[in-house]
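Okay, so here's the structure we're looking at.
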There are 2 protein chains.
Amino acid sequence: MAFLNTVHLNAVQYTQNMSPDNHSGRHDRASITTTALRLLDDVGLPDLSMRRLATELGVQPSALYWHFANKQALLAAIADRILERVNTSRTRDGDVVAVAHSIRDALLAYRDGAEVVMSSYALGLGADRAHAALTTALTSTATATATATAQVSDRTAVLLQFILGHALLVQQRLHAESYGAAAPSADADPSAAIESTFDLGVRAFLMGLPTE
Amino acid sequence: MAFLNTVHLNAVQYTQNMSPDNHSGRHDRASITTTALRLLDDVGLPDLSMRRLATELGVQPSALYWHFANKQALLAAIADRILERVNTSRTRDGDVVAVAHSIRDALLAYRDGAEVVMSSYALGLGADRAHAALTTALTSTATATATATAQVSDRTAVLLQFILGHALLVQQRLHAESYGAAAPSADADPSAAIESTFDLGVRAFLMGLPTE
DNA sequence: ACCTGAACACCGTTCAAGT
DNA sequence: ACCTGAACACCGTTCAAGT
């Protein structure tokens with residue numbers, strides 16, 4: 001449940017010692033991405049427009065198109081940033097559950113993070129880090145030691161699909177609740193149900209793997 | 001693989017013997033939804049605007065707001081229509097795999113169908129039919145006969161998340177390919193890999209269920 | 001190298017007024 | 001009951017021109 005409390009409460013980490021809204025000097029892809037990620041977390045994806053980001057940066061909208069080919073390219077850079085949080089330290093010992101949780105937490109750490117990453121991933125951009133971490137963990141999993149690379153690739157896709165689908169629904173439900181729409185399931189503790197649902201999904205997947 | 005060939009090739013089924021683009025008489029929610037679904041399949045979600053739909057109907061954009069409160073309400077009606085294809089005949093004998101395939105096929109039968117249904121489902125609208133079919137099938141499954149209703153609800157959510165996540169990625173990848181973007185996995189036969197990935201996911205889920 | 005200014009072709013939504 | 005006409009407050013993107 002802890003992840004639900006920290007949503008929307010990110011302190012942006014600056015990679016440079018430079019103000020994100022650089023009203024004096026010029027901008028580059030990194031600083032623009034930093035400001036865009038903070039803006040995403042503040043206002044959400046529907047309100048993250050190129051024009052609004054330009055205003056935030058103290059620049060004309062057209063200036064952004066010198067740094068990024070289009071809005072989708074900007075979103076891919078944001079997706080990369082979001083997944084930098086994925087903890088790759090436990091991938092080597094094959095702790096698939098831990099990696100799945102790390103990816104899930106990275107997606108939920110920023111407002112609409114799952115949607116941004118999913119759309120970029122579908123376009124073949126942005127989710128390389130998550131994909132690689134899962135593949136490494138699955139490859140070194142005990143049940144999969146004698147498994148062909150093609151099958152590992154399939155399993156990575158299955159797990160990533162579940163994680164993305166799960167995070168997407170969680171965040172869209174959060175968004176729906178903030179608009180006062182009624183959720184279909186009338187559970188007593190929805191956040192606990194969500195947490196156990198995620199664990200159930202990941203473990204069901206792992207237990208269902210053939211042990212040949 | 002058959003489903004991939006029939007994507008984008010829908011002949012719209014008219015529930016009334018009435019032209020969908022009713023340029024003479026007046027419109028109602030049903031006829032507007034029919035035209036909107038055809039337009040969605042023709043041009044895709046990003047190009048399905050209220051203004052374009054109004055033009056298709058031979059009407060001013062503002063006319064649509066007499067029938068639907070806003071665009072989201074229209075999309076929920078479309079989501080309901082898409083899921084009318086879900087085959088509910090096999091839910092009673094607990095064939096979860098068949099139901100999962102039926103939902104998947106319904107989502108893939110219209111362009112961007114998964115995205116429309118997912119966003120509506122997250123808002124608590126539109127996916128009741130899919131949710132109910134899965135719940136019925138899981139309840140009458142052999143491995144779940146002695147399972148509490150709360151657990152069935154969790155499992156329904158897990159499976160639906162996987163199905164929606166899977167269909168969403170498949171369709172976004174189709175969309176990406178039409179724009180010439182390179183997919184990250186360089187598989188020999190991607191459509192066959194997708195099909196087996198889906199089966200793997202559903203079966204892994206079912207085999208992972210406790211048999212208590 | 002990086003940005004401005006101005007334009008193009010669009011959006012969703014509201015609301016008085018018509019029939 | 002159903003729709004028009006007109007407006008409001010926006011979009012993403014391009015491109016010549018500036019520094």
Side-chain angles (χ1 to χ4, degrees), chain A residues 16 18-36 39-40 42-78 112 115-116 119-120 123 125 175 179-181, chain B residues 16 18-36 39-40 42-78 112 115-116 119-120 123 125 175 179-181:
Chain A
Q16 328 279 7
M18 161 206 260
S19 160
D21 317 337
N22 194 345
H23 281 261
S24 49
R26 327 237 93 145
H27 301 282
D28 56 8
R29 289 174 61 100
S31 67
I32 291 173
T33 304
T34 301
T35 303
L39 189 58
L40 172 73
D42 283 349
V43 303
L45 187 57
D47 288 333
L48 176 62
S49 66
M50 298 298 267
R51 298 179 105 103
R52 185 152 183 180
L53 174 59
T55 302
E56 205 82 1
L57 291 163
V59 116
Q60 294 294 318
S62 50
L64 298 173
Y65 290 84
W66 194 89
H67 299 281
F68 296 94
N70 47 43
K71 189 178 183 179
Q72 186 55 247
L74 206 219
L75 291 174
I78 296 175
D112 294 339
E115 190 172 352
V116 171
S119 63
S120 294
L123 290 164
L125 310 163
H175 183 246
Y179 271 74
Chain B
Q16 328 280 6
M18 159 207 262
S19 161
D21 318 335
N22 194 345
H23 281 260
S24 48
R26 328 236 92 145
H27 302 282
D28 55 8
R29 290 174 60 98
S31 67
I32 291 172
T33 304
T34 301
T35 303
L39 190 57
L40 173 72
D42 283 349
V43 304
L45 187 58
D47 288 334
L48 177 62
S49 67
M50 297 298 268
R51 299 179 105 102
R52 184 151 183 180
L53 175 58
T55 301
E56 206 81 3
L57 290 162
V59 116
Q60 294 294 317
S62 50
L64 297 174
Y65 290 84
W66 194 90
H67 299 280
F68 296 94
N70 47 43
K71 189 178 183 179
Q72 186 55 247
L74 205 220
L75 291 175
I78 296 175
D112 294 339
E115 191 172 351
V116 171
S119 64
S120 293
L123 291 164
L125 310 162
H175 183 247
Y179 272 73

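Convention: sequence-line order gives letters A, B, ...; per-chain numbering from 1.
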So Leu48(A) and Ile78(A), side-chain contact (heavy atoms from CB on, under 4.5 Å) or not? Walk me through it.
CA-CA 12 Å; Leu48(A) 176 62; Ile78(A) 296 175; 4.1 Å; yes
Whole-Å distance, Arg52(B) CZ to dC11(C) P, equals 8 Å
Dot-bracket notation for DNA chain D, counting Watson-Crick and G-U pairs under 3.5 Å, with | for partners on another strand:
||.|||||...|||||.||
Determine the Euclidean distance between corresponding P atoms of dA9(D) and dC10(C); express it in Å to zero decimal places.
22 Å
Could you tell me how far apart Gln60(B) (CD) and dA7(D) (P) are, to the nearest whole angstrom?
13 Å
Atom pair distance, as rounded to whole Å: CZ in Phe68(B) and P in dG12(C)
14 Å
Correct closest heavy-atom pair for Gln72(B) and Ser120(B) would be OE1-OG, 3.8 Å
B/S/- along nucleotides 13-19 of chain D (protein heavy atoms under 4.0 Å) is BBB----
How many whole angstroms separate atom CG of Asp47(A) from atom P of dC11(C)?
19 Å
In whole angstrom, what separates His27(B)'s NE2 from dC3(D)'s P?
6 Å
Atom-pair distance (CG on Leu45(B); P on dC11(C)), nearest Å:
13 Å
Nearest 0.5 Å, please: how far is CD in Glu115(B) from OG in Ser119(A)?
8.5 Å
To the nearest 0.5 angstrom, please state how far the CG atom of Leu64(A) sits from the CZ atom of Arg51(A).
11.0 Å
Nearest 0.5 Å please: distance from the CZ atom of Arg52(A) over to the CG atom of Asp42(A).
8.5 Å
4.5 Å side-chain heavy-atom contact, Asp112(B) and Pro46(B)
yes
Take the protein atom CG of Leu64(A) and the nucleotide atom P of dC2(C), then report the distance between them rounded to whole Å.
14 Å
If you apply the rule side-chain contact (heavy atoms from CB on, under 4.5 Å), what do you find for Met50(B) with Leu74(B), and how did you get there?
CA-CA 9 Å; Met50(B) 297 298 268; Leu74(B) 205 220; 4.0 Å; yes
From the options Leu39(B), Leu45(B), Leu40(B), select the one residue that forms a side-chain contact (heavy atoms from CB on, under 4.5 Å) with Val43(B).
Leu39(B)
Distance, C1' atom - from dC11(C) to dC8(D), rounded to whole angstrom
12 Å
May I ask you to decide if Arg29(B)'s main-chain N or O and Thr33(B)'s side chain share a donor-acceptor pair within less than 3.5 Å?
yes
Measure NE2/His67(A) against C1'/dT4(C) and give the value in whole Å, please.
13 Å
